[in-house]
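One structure is given below, encoded as C-alpha cells.
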Amino acid sequence: MDSIEHRTIHANGITMHVAIKGSENAPVILFLHGFPESWYSWRYQILALSSLGYRSVAPDLRGYGDTDAPAEITSYTCFHLVGDLIGLLDVVAPNEDKVFVVAHDWGAIIAWYMCLFRPDRVKALVNTSVLFIPRNPEKKFVETLRTRYGDDYYMCRFQEPGVIEAEYAERGTERVLKELLTHRVAGPLFLPKGKGLNGAPLDAPLVLPSWLSEEDFEYYTNKFEQKGFTGGLNYYRNLDRNWELTAPWTGAQVTVPVKFIIGDEDLTYNSLGGKDYIDSGGFKRDVPFLEELVVMEGVGHFLNQERADEINKHIYDFFQKF
C-alpha cells in the first residue's frame, strides 16, 4: 500500500484526492467506488492491475474521503459527477483519449452515465453490482421506489436532508459503517426509524466479514468521522433531479463494450426486478455491447473486496481483449 501515490488535483471546480499506481505510459484504468466507501475499496485491484501493466487511478469521489464535499445538494447531480471524472482524466491522463473504467455501486451508476454522456472517453467498462437502469419517462425514480417498497426503503429514507444524518450521529459512525458493510440479505434494504437495517435491534452484535480487517474498517471509520455521510447521501437526494436532467437520454443505449459482474446474494440482484431485467433480455437490449455477464455464486454486495482475486482476473481478462 505504501507504493501507491496520492495526489491532490483540481477538476471541475473542486479539489479531488486520487490514488495512482503504475507507469505513466501504461493504459489507464479508472476505478469508481460506491457508498459508503472510498478509493480504498479498490486497494486490491490497484495493486494487482498496476502489476499487470496498467495504470490504476482511483479517486475519492465528490463528497468522500479527502475530496471536496460541496454543501449544496444540487452540486451532486450526474452531470457534476461525470464532469469531475472528465476533469480528473484531463489532468492525470492528458494523452489518453479513452480509458478503461471499473466501477461498483454508486460508482457503477456514474459509470453508466459516463458511457451515455461521454462514450468517446471510455474504451471498455467492467461494471459491478448495479445494473443499468433505463429511464422511465412516466414516473420519477423515487416515486417508483415508494410505490414498490414504501417509505422505509433505504433510498426513500435518505431523501430528507439532515434526518438520516441525525440518526447516524446518534448511532455513531463506527456502528453505522459496520451495519452497512456487514449487511448480507438477498433482498430489498429497509431502514425503519429507531431500528437497524431491515428492523434488526440496534444493539445486535455485528462481526466484520473475513474480507474486511480491523485495519481496513478503521480506515473507513476515520474517513467518515472526518467527512460525515452527507456527501454520499446527497447522491441519493439527486435521484429525481437526475431523472429530470436525463430526459434527452430516454431510450438511449450504452454503446461501449461492457462486462458486468454481480453476486447472487447482492441486494441489487434480488430487488428492483434485477434478475428479471437480466433474464428477460432487457439488460442486453439497453446495453447491446454487453460481452460478458457473470453472476458469482455465494457472493454479496462488496464483491471487489470479498473476492478480490477473482475480480482482478475478470478485469484483466476482459481488458486484454482491447
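No experiment lies behind these values; they were computed from the predicted model shown.
Applying the side chain to side chain donor-acceptor pair (under 3.5 Å) rule to pairs touching residues 196-205 yields nothing, sequence neighbours excluded. Applying the side chain to side chain donor-acceptor pair (under 3.5 Å) definition to pairs two or more places apart or across chains, none involves residues 22-33.
Each of F158, F229, Y76 was checked for a ring-ring contact (aromatic ring centres under 6.0 Å, His included) with Y236, and the lone residue meeting it is F158.
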side-chain hydrogen bond (donor to acceptor under 3.5 Å, both in side chains) between H10 and T15, worked out:
CA-CA 5 Å; H10 299 285; T15 299; 3.0 Å; yes

Quiz item: Between D105 and S129, does a side-chain hydrogen bond (donor to acceptor under 3.5 Å, both in side chains) hold up when you go through it step by step?
Solution: CA-CA 6 Å; D105 188 75; S129 291; over 6 Å; no

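The distance from the CZ atom of F322 to the NZ atom of K98 is 10.5 Å, given to the nearest 0.5 Å. Remark: Y168 OH to L180 CG distance equals 5.0 Å, nearest 0.5 Å.
Taking hydrophobic clusters as Ile, Leu, Val, Met, Phe, Trp and Tyr residues chained together by side-chain heavy-atom distances below 4.5 Å, L293 shares a cluster with V256. Residue V99 is not grouped with residue F289 when hydrophobic side chains (ILVMFWY) are merged at heavy-atom distances under 4.5 angstrom, including chains of intermediate members. Residue L202 is not grouped with residue L206 when hydrophobic side chains (ILVMFWY) are merged at heavy-atom distances under 4.5 angstrom, including chains of intermediate members. Residues V142 and V163 do not share a hydrophobic cluster, defined by chaining ILVMFWY side chains whose heavy atoms lie under 4.5 Å apart. Note on W243: it does not cluster hydrophobically with L245, by side-chain heavy-atom contacts below 4.5 Å among ILVMFWY residues.
With salt bridges taken as basic N to acidic carboxylate O contacts below 4.0 Å, one links R184 and E265. One finds a salt bridge joining K313 and D317 here, because a Lys/Arg side-chain nitrogen approaches an Asp/Glu carboxylate oxygen to under 4.0 Å. Salt bridge present: K140 and E244 bring a charged side-chain N and a carboxylate O closer than 4.0 Å. Electrostatic pairing of R171 and E165 does not count as a salt bridge here, judged by no charged N lying under 4.0 Å from a carboxylate O. Between R146 and D152, none of the side-chain N atoms (NZ, or NE/NH1/NH2) sits under 4.0 Å from a carboxylate O, so this pair counts as no salt bridge. Under a 4.0 Å N-O distance rule, the pair R121/E96 does not qualify as a salt bridge. Using a 4.0 Å cut-off between charged nitrogen and carboxylate oxygen, K193 and E167 count as a salt-bridge pair.
In this structure, R135 contributes its side chain and T250 its backbone to no donor-acceptor pair below 3.5 Å. Checked by atom type and distance alone, the side chain of W39 never pairs as donor or acceptor with a backbone atom of V57 at under 3.5 Å. With N12 contributing its side chain and I86 its backbone, the two residues share no donor-acceptor pair below 3.5 Å. Side-chain N or O atoms of D68 include none that pairs as donor or acceptor with a backbone N or O of I14 at under 3.5 Å.
For the pair K178 and F217, the distance from NZ or CZ to the six-membered ring centre is under 6.0 Å and the angle to the ring normal is within 45 degrees. A cation-pi arrangement is present between K123 and F100, with the terminal nitrogen or guanidinium carbon under 6.0 Å from the aromatic centre and inside a 45° cone about the axis. Under a cutoff of 6.0 Å and an axis angle of 45°, R307 and W211 do not form a cation-pi pair.
Side-chain rings of W106 and F35 stay apart, their centers remaining 6.0 Å or farther from each other. A ring-centre distance under 6.0 Å is found for Y40 and Y220. Between F117 and W249, the distance separating the two ring centers is shorter than 6.0 angstrom.
Nearest heavy-atom pair, N312 versus Y44, reported as atom, atom and distance to 0.1 Å: ND2-O, 3.8 Å. Residues L181 and P209 share a closest heavy-atom pair of O-CG, 4.3 Å. Here the shortest heavy-atom pairing between R62 and Y235 reads O-OH, 2.6 Å. Shown here for T255 and P119, the closest heavy-atom pair between the two residues is OG1-CB, 4.3 Å. Annotation for T128 and A103: closest pair OG1-O, 2.8 Å, computed over non-hydrogen atoms. Closest non-hydrogen pair, A58 versus I46, comes out as CB-CD1, 3.7 Å.
Between F283 and F260, the ring planes lie perpendicular to each other; the angle is over 60°, past the 30° to 60° tilted range.
In this structure, N270 and P188 have side chains that are not in contact, with every pair of non-hydrogen atoms separated by 4.5 Å or more. The closest side-chain heavy-atom distance from F319 to I29 is below 4.5 Å. Contact check for Q159 versus L239: side-chain heavy atoms found under the 4.5 Å cut-off. For the pair V101 and L32, the minimum side-chain heavy-atom distance is below 4.5 Å. In this structure the side chain of N304 reaches within 4.5 angstrom of the side chain of Q45, judged on heavy atoms. Between S50 and R55, the closest side-chain pair of non-hydrogen atoms is not below 4.5 Å. Here the side chains of L125 and P257 are not in contact, with every heavy-atom distance at 4.5 Å or above. Between I133 and F141 there is a side-chain heavy-atom pair separated by less than 4.5 Å.
For the 3.5 Å distance criterion, the side chains of H301 and H183 fail to qualify, holding no donor opposite an acceptor. If you check the side chains of Q253 and R285, you find no donor sitting under 3.5 Å from an acceptor.
Evaluation of the side-chain hydrogen bond (donor to acceptor under 3.5 Å, both in side chains) rule for S56 yields no partner, not counting sequence neighbours.
The neighbour count for K284 NZ, taken as heavy atoms of other residues, nucleotides or ligands under 6.0 Å away, is above 12.
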